[in-house]
Protein chains: 2
Amino acid sequence: MMQASVTAEQEAPSVRQQAVLDAVLGLMVEDGEQVTMDAVARRASCSKETLYKWFGDRDGLLTATVRWQASRVHAGHDTAQVLDGATLRERLQDFAVTWLEVITGPTSVALNRIAIAHAGSRKSNLGGIVLANGRFAIGERVKPVLEAGRAAGLLAFADSEAAFRTFFGLVGRDIQIRLLLGETLDLDGAGIRRDAGRAVEQFLVLYGQAKPDPKHQR
Amino acid sequence: MMQASVTAEQEAPSVRQQAVLDAVLGLMVEDGEQVTMDAVARRASCSKETLYKWFGDRDGLLTATVRWQASRVHAGHDTAQVLDGATLRERLQDFAVTWLEVITGPTSVALNRIAIAHAGSRKSNLGGIVLANGRFAIGERVKPVLEAGRAAGLLAFADSEAAFRTFFGLVGRDIQIRLLLGETLDLDGAGIRRDAGRAVEQFLVLYGQAKPDPKHQR
DNA sequence: CGAATGGCGTACCGTACCGTACGGTACGCG
DNA sequence: CGCGTACCGTACGGTACGGTACGCCATTCG
C-alpha cells in the first residue's frame, strides 16, 4: 500500500530517499537556514507532497537526515584482544584522528548546528540523536580499548568513563565550539595527525602505567 | 536629537535598554525559538517601534543582547606578580571553576545556541562576539598566568596558546557540547570544584616543572 | 491496450513573524 | 498653557514558509 515512510521507526530509507536526504545534507552545509521544504524538493527534484508522504513533516525529514548521516559514520574496526603498548597507542591515535576528521568536517558542523538550534525548543530531539551517534558512540568504542589497556597493565584508572572524557577533552579541546561558532579553522590531515598524536601522548602521560616510549617529544 | 541607538557601536545601553536586553535573555533561556520581536516587546513592556528605533532590526537586538551579556562576564581579578606553586594552582582552579560555572549556566547555553544557529548563515556574526568574549577572553586572561608560572620555573611549555588549549580541553571536556545538544547535566558547585581540581592536577602533571604537591590524589 | 499507481510540478491556504504606521499618553520646557 | 518629545499599545502590510490539493505523466501490470 504505502511506500516506506521513514518516520515509522526502523525503516531504512530507499535509494531514492537517500538521495533526498543527501540533498538535505547539501543544503545544510551550504546554509543551515535555507533548509526549507521547497528548497529540498527543488534540490532533490521531487515534489513536496512526496516529502510529506515519506517523512511526515519537516521534523521527520530532519530526523531522518540526522539518522542517515549517523548510519554512515559507524564504520570502524573491531576489537583486538591482546594489547601491547604500541598497539594501544595506535588504536588511540586512530580514534583521535577519526574523531577530529568527523568534527572538523563541514557535514558534522552543519548537522550539529541544526541539532543545537533545535535543542532550544522541546519537540523532537535531534540533539539526542547526534549525541548518541557522536559523543556516546565513540565513547562506547573507546572504553573497551581503555579497559583492555588496563587489563594488560598499560593503563591505570578507576573509572573508564572518566578516563574517556579526559581523552575526549585532550583530543577536541576548543576545536568543535570554535567551528560551531563560525570560525574557519583549516586543519589538514597532517595537522589532525599532529593534534591526535599530542593528545594520545598526553593521555598516556596521565593514565599510562608503564612510562611512555622515548618517542615522547616536547 | 535621537536617543542612544545601540547599533551605532560604542554606545552603552541605557538602563531602560538594559531591561529590554534582559527580557531578551529571559526569552532565550525559556525557549530560543520564541525570541520574536512581539514577544520581546510584550515581555519588556515596550513598543516594537521603540525596539526598531533603538536596535535597528532583529539582528541588532540580538547582537546588543550578546554584547550586553558579555559585558557582565568580564569581572575577574587582576594579575598577581609573584607566583609560587600554591598560588598558581589556586589561580588555575579559579579560572576553571569560573569557566565551568559560565558554560553550564542556562544563559550561556541559550546564548551559544543562538549564536551557533546564526553562524550557519553569513549576516552579523554573533558567533564571533561570543567567541571573543568567551573562549578568547578567558584565554587572554589565563595565558599571562601560565607565562608567569613558566617565569617562576613552575611550568614548562613552548607555546602558551597550545598550553592553554590543553587546559581548556581538560576543563571543559564534553560538557559544553552535551549541554548545547540538550542533555541536562546537573553540576552543582561541589561537582564543578571537583572537576576543576581534577583538570588542574592533570594540567600540572602535563606541564608542571616541579613535581605537583603531595595533595595529588587518584 | 487500458487502468492503476507512484511521483513530479505547481498552485494554493493559513499562519507566523518582521518591519512600519498611527493613535494615544505622559512629561518636560518655554 | 501649549508644544515637542519619547514612548506604549496595537493594527496592518508584506513575505516566507509549512503543509495540502490537484493536474499530469511515466511506468507497470492485468
Side-chain angles (χ1 to χ4, degrees), chain A residues 1-8 11 13-24 26-28 30-66 114 117-118 120-124 126, chain B residues 1-8 11-24 26-28 30-65 114 117-118 120-124 126:
Chain A
M1 168 182 281
M2 184 179 276
Q3 180 72 351
S5 84
V6 186
T7 56
E11 289 288 351
S14 70
V15 176
R16 181 73 180 102
Q17 289 169 343
Q18 291 175 13
V20 171
L21 299 180
D22 281 330
V24 176
L27 286 173
M28 283 182 178
E30 285 179 21
D31 180 354
E33 296 190 2
Q34 76 176 1
V35 183
T36 173
M37 300 301 278
D38 283 282
V40 171
R42 225 175 307 124
R43 172 74 69 106
S45 293
C46 72
S47 73
K48 283 169 60 176
E49 188 169 17
T50 303
L51 292 183
Y52 285 102
K53 188 189 300 185
W54 283 349
F55 304 103
D57 58 2
R58 187 170 182 271
D59 266 355
L61 177 61
L62 295 181
T63 304
T65 303
V66 173
I114 303 280
H118 235 72
S121 62
R122 243 53 59 193
K123 50 179 186 180
S124 95
L126 301 182
Chain B
M1 170 182 274
M2 186 179 271
Q3 181 71 353
S5 86
V6 185
T7 57
E11 290 287 352
S14 70
V15 176
R16 181 73 180 100
Q17 289 169 341
Q18 292 175 13
V20 171
L21 299 179
D22 281 331
V24 177
L27 286 173
M28 283 181 178
E30 287 178 17
D31 180 354
E33 295 190 3
Q34 76 177 1
V35 182
T36 172
M37 299 302 276
D38 283 282
V40 171
R42 227 175 306 124
R43 171 75 69 104
S45 292
C46 71
S47 74
K48 281 170 61 175
E49 189 169 17
T50 302
L51 291 183
Y52 284 101
K53 189 188 301 183
W54 283 350
F55 305 103
D57 59 359
R58 185 169 183 272
D59 266 354
L61 177 61
L62 295 180
T63 303
T65 303
I114 303 282
H118 234 73
S121 62
R122 245 51 59 193
K123 48 177 187 180
S124 94
L126 300 182

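Just so you know, these numbers use all the heavy atoms, side chains as well, and skip hydrogens, waters and symmetry mates. Every chain is numbered from 1 and lettered A, B, ... according to where its sequence line falls, protein lines coming before strand lines. Predicted model, so just to flag it, every value in this text is computed and none were measured.
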message: Counting only side-chain nitrogens and oxygens, does Trp54(B) get under 4.0 Å of the OP1 or OP2 atom of dA6(D)?
response: no
Interatomic distance, Tyr52(B) OH vs dC22(C) C1' [rounded to whole Å]: 16 Å
I'd like a table of atom pairs between the protein and nucleotides 21-25 of chain D - only N or O on both sides, under 3.5 Å - with the distance next to each one.
unit_1  : atom_1 : unit_2   : atom_2 : d
dC22(D) : N4     : Glu49(A) : OE1    : 2.1

- request: Locate the shortest heavy-atom distance separating Ala41(A) from Ser47(A); write the atom from each residue and the value.
  value: CB-C, 4.2 Å
message: Within the 4.0 Å heavy-atom criterion, would you say Arg42(B) contacts the bases, only the backbone, or no part of the nucleic acid?
response: nothing
Residue pair Cys46(A) / Arg16(A): nearest heavy atoms and the distance that separates them: CB-NH2, 3.6 Å
field: Selected nucleotide, minimal atom distance to Arg58(B) side chain, candidates dC18(C), dC8(D), dC8(C)
entry: dC18(C)
message: Rounding to an integer number of Å, can you tell me how far Asp38(B) CG sits from dC8(D) P?
response: 14 Å
field: Sequence-distant partners of Arg43(B), salt bridge (Lys or Arg N to Asp or Glu O under 4.0 Å), two or more places apart
entry: Glu30(B)
- request: For Gln17(A) and dG6(C), give me the distance from atom CD to atom P, rounded to whole Å.
  value: 13 Å
Protein-nucleotide distance (Phe55(A), atom CZ; dG19(D), atom C1'), rounded to Å: 16 Å
- request: Rounded to the nearest angstrom, tell me the gap between atom CG in Leu51(A) and atom C1' in dT20(D).
  value: 13 Å
task: Compare every heavy atom of Lys48(B) with every heavy atom of Met37(B), then report the nearest pair and how far apart it is.
output: O-CG, 4.0 Å
message: At less than 4.0 Å, is any side-chain N or O atom of Thr36(A) found next to OP1 or OP2 of dG18(D)? Yes or no.
response: yes
- prompt: Are any of the side-chain heavy atoms of Ile114(B) and Thr65(B) separated by less than 4.5 Å?
  reply: no
task: Send over the distance from Leu62(B) CG to dC18(C) C1', rounded to a whole Å.
output: 12 Å
- prompt: Can you tell me if Thr36(A) uses its side chain to pair, donor with acceptor, with the backbone of Ala39(A) under 3.5 Å?
  reply: no
query: To the nearest Å, how far apart are Met37(B) CE and dA11(D) C1'?
result: 17 Å
- line: note: Arg43(B), atom CZ; dC8(D), atom C1'; distance rounded to Å ~ 18 Å
message: So Leu21(B) and Leu61(B), do their side chains get closer than 4.5 Å, heavy atoms only?
response: yes
message: Between Arg16(B) and dC8(D), is there a contact of a side-chain N or O with OP1 or OP2 at under 4.0 Å?
response: yes
